[in-house]
Amino acid sequence: MSMGPGSGVVAGYHDGIPLDRWARVTAGRLLADEQPRRWAHSQGVGRKAEGAALALAPADRPVLVAAAWLHDIGYAAAVRGVGFHQLDGARYLRRLGVPPRVCALVAHHSGADAVAALVGLGPRLAEFPDERGPVRDALWYCDLTTSPDGLPVSYRTRLLELRARRSPDDPVVRALADNGEERAAVVRRTEDLLLSVRFGHRAEVDGDRRTG
Ligand SMILES: [Fe+2]
């Protein structure tokens, strides 16, 4: 049996495997062959997270990167359960022994709560806590500024694309009335964080030049 990308063969997570690497390999096995476009998107989000992670505390970096690679595995046939991809993905990861924080980030990514409330899955999603901090914001940001083909786009473009792709009565579109502002705020907060870190680094470099 092939064990390469897209093979569908998934091994459980255990301590000792680098979490971010395991996540990349696992997402590829579930999505690469079955859903190439979704895989292209996941790669774009995973790569963007690898850059954004540098703005986070070192211990948080593999958590963000792992959640980014895995955020949409709930769409894979082997993972699908109730048909709500954030919840299906999170539960699947929990069964594989993935750290609870990564499962919870996947469960709540990119405004899942408002969609879950519309389809009656709010209590099930609440099995997982929503940590509401910069790591969670960065995950949403990476997803919300990456096109379905994995290219970097503005949040505004992503929103226009989403509305064009889905029907107005799709719960994801209807939920924008509840979570649109929060999604935009998350993107702004993360952009501010990334900018402050970038300028902070520059200030350090300038400082080194001055003193050196
Ligand atoms: Fe998603």
Side-chain angles (χ1 to χ4, degrees), residues 20 23-24 26-32 34-50 52 63-94 96 98 101-119 121-122 124-132 135-155 157-167 170-176 178-180 182-184 186-187 190:
D20 42 1
R24 191 181 70 234
T26 298
R29 288 193 179 155
L30 289 165
L31 294 173
E34 184 187 303
Q35 302 192 34
R37 195 174 187 218
R38 189 90 61 193
W39 176 228
H41 169 73
S42 297
Q43 290 178 86
V45 176
R47 300 237 165 84
K48 184 170 272 204
E50 286 167 0
V63 173
L64 171 67
V65 173
W69 283 102
L70 294 163
H71 77 287
D72 272 352
I73 60 161
Y75 285 112
V79 179
R80 209 170 294 142
V82 297
F84 192 86
H85 81 276
Q86 291 99 330
L87 181 62
D88 291 340
R91 285 176 164 171
Y92 180 86
L93 293 169
R94 186 168 60 188
L96 290 184
V98 170
R101 199 176 167 202
V102 175
C103 303
L105 285 164
V106 169
H108 291 279
H109 79 262
S110 305
D113 292 38
V115 188
L118 284 175
V119 298
L121 287 171
R124 304 253 200 110
L125 202 61
E127 289 169 18
F128 299 90
D130 181 1
E131 68 173 58
R132 291 179 177 276
V135 178
R136 171 259 212 189
D137 285 1
L139 174 63
W140 293 32
Y141 163 82
C142 292
D143 186 21
L144 297 175
T145 59
T146 302
S147 79
D149 296 304
L151 301 173
V153 290
S154 69
Y155 172 58
T157 302
R158 178 86 151 101
L159 206 55
L160 290 170
E161 179 282 325
L162 187 146
R163 287 186 189 277
R165 179 162 47 98
R166 295 176 181 259
S167 89
D170 185 316
V172 174
V173 176
R174 282 165 53 214
L176 290 170
D178 297 321
N179 67 14
E182 189 189 11
R183 287 158 59 119
V186 159
V187 170
T190 305

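Throughout, numbering of the chain's residues begins at 1 and tracks the sequence. All ligand and atom numbering here is 1-based and tracks the order in the structure. Side chains are part of it too, since the values below use all heavy atoms of this structure and drop only hydrogens, waters and symmetry mates.
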With the Fe ion (ligand 1) at the centre, find the angle made by NE2 from His109 and NE2 from His85, to 10°. 90°
Flag side-chain contact, heavy atom, 4.5 Å: Phe128 against Arg91: yes
Is there a side-chain contact between Asp113 and Asp178 in this structure, where contact means two heavy atoms from C-beta onward sitting under 4.5 Å apart? no
Are any N, O or S atoms from Asp143 nearer to the Fe ion (ligand 1) than 2.8 Å? no
Is the distance from the Fe ion (ligand 1) to some N, O or S atom of His71 under 2.8 Å? no
Between Gln86, Arg38, His85, which is the residue that forms a side chain to side chain donor-acceptor pair (under 3.5 Å) with Asp72? His85
Could you walk me through whether Asp130 and Leu125 pass the side chain to side chain contact (heavy atoms under 4.5 Å, CB included) test, one step at a time? CA-CA 9 Å; Asp130 181 1; Leu125 202 61; over 6 Å; no
Asp72 atom (N/O/S) at minimal separation from the Fe ion (ligand 1): OD1
